[in-house]
S.K.: 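Below are the structure tokens for one structure; questions will follow.
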Amino acid sequence: MVNAIWVALLLGGLAYGAAHGRLGDVTGAFMSQGGAAVQTSIQLAGIVAVWFGISRIAERAGLIDLLARAMAPLFGRLFPDVPPQHPAMGAIVMNMAANTLGLGNAATPFGLKAMRELQELNPRRDTASPAMVTFLAINSAAISLLPATTIAVRAAAGSHHPAEIAGPAMIVTGASMVAVLIATQVWRRTLPPGPGTGRDRRRG
């Protein structure tokens, strides 16, 4: 799909240039912007490499563990169908702690492990369980206290204040996180009682 979109954009640009007699400008833009893209990629690679190193140090220093312990009580309420001591809960908390700090490279392995462990608890292997849906929704809308990737892109693009995006990003991701938490709780209450829903049949 993405390749089809790119081809459509390229053909549309060529058609527009040909229709207005400006194919030379289109060719010049292709060449100049191609070089700019390579330059931006190299700058971005350097910034991301530095940040990955910092994130690795933070992980080894126990910063993620500290945040995970602080978030554990909240996630116990969000995933009532996951036992507190189950490995899935630990992976979920660690994933969210890493995402909150903008440590995407550290969050990915925990996210994959969480989904694998949640699948072990899933009573219907061919259908995503409520816990898996909740985790995916929360993970997608996770609040970001430090949007490192966005800051890196802004710095590579020549922004004089690349970190000024942190405040608005915190507000937006915080709002999306609250919306997802409300939506998942409302959705769970509409599920029929049964295994994997976190709702006991006896209580209804």
Side-chain angles (χ1 to χ4, degrees), residues 1-60 63-64 67 94-116 128 132-184:
M1 176 58 73
V2 174
N3 289 334
I5 293 174
W6 278 113
V7 170
L9 290 173
L10 290 172
L11 293 178
L14 288 172
Y16 183 86
H20 292 79
R22 301 180 61 181
L23 277 177
D25 292 340
V26 174
T27 303
F30 279 170
M31 300 301 294
S32 63
Q33 294 307 308
V38 172
Q39 183 178 359
T40 301
S41 299
I42 294 174
Q43 292 175 340
L44 183 60
I47 295 171
V48 170
V50 171
W51 176 248
F52 279 3
I54 294 174
S55 68
R56 190 66 174 172
I57 293 173
E59 182 184 2
R60 294 289 184 89
L63 185 59
I64 295 180
L67 187 56
M94 295 294 282
N95 171 266
M96 296 307 302
N99 274 329
T100 301
L101 295 175
L103 308 179
N105 61 321
T108 300
F110 292 126
L112 295 175
K113 180 181 180 181
M115 291 299 283
R116 185 168 58 250
M132 296 170 76
V133 174
T134 300
F135 172 65
L136 185 59
I138 293 177
N139 187 58
S140 301
I143 184 171
S144 178
L145 300 180
L146 189 61
T149 302
T150 305
I151 292 174
V153 171
R154 286 171 56 84
S159 173
H160 295 294
H161 304 286
E164 66 182 3
I165 192 68
M170 191 184 305
I171 295 173
V172 171
T173 55
S176 66
M177 185 74 172
V178 171
V180 165
L181 291 177
I182 295 173
T184 53

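FYI, side chains are in, hydrogens and waters are out, and symmetry mates aren't considered; it's all heavy atoms of this structure. Numbering starts at 1 and runs along the sequence shown.
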S.K.: For the atom pair OG1 (T108) and CG (N139), what is the distance rounded to the nearest 0.5 Å?
M.R.: 8.5 Å
S.K.: Closest approach of V133 and A128, non-hydrogen atoms and distance?
M.R.: CG2-CB, 4.0 Å
S.K.: Give, for atom OG1 of T27 and atom CG of L14, the distance between the pair rounded to the nearest 0.5 Å.
M.R.: 7.5 Å
S.K.: When rounded to the nearest 0.5 angstrom, what is the spacing between OG1 in T184 and CZ in F135?
M.R.: 13.0 Å
S.K.: Grab the two heavy atoms, one from V180 and one from A141, that are nearest each other, plus how far apart they are.
M.R.: CG2-CB, 3.4 Å
S.K.: Quick one: are S176 and T173 in side-chain contact, heavy atoms under 4.5 Å?
M.R.: yes
S.K.: Can you name the nearest heavy-atom pair linking I165 to P162, along with the distance?
M.R.: CG2-O, 3.5 Å
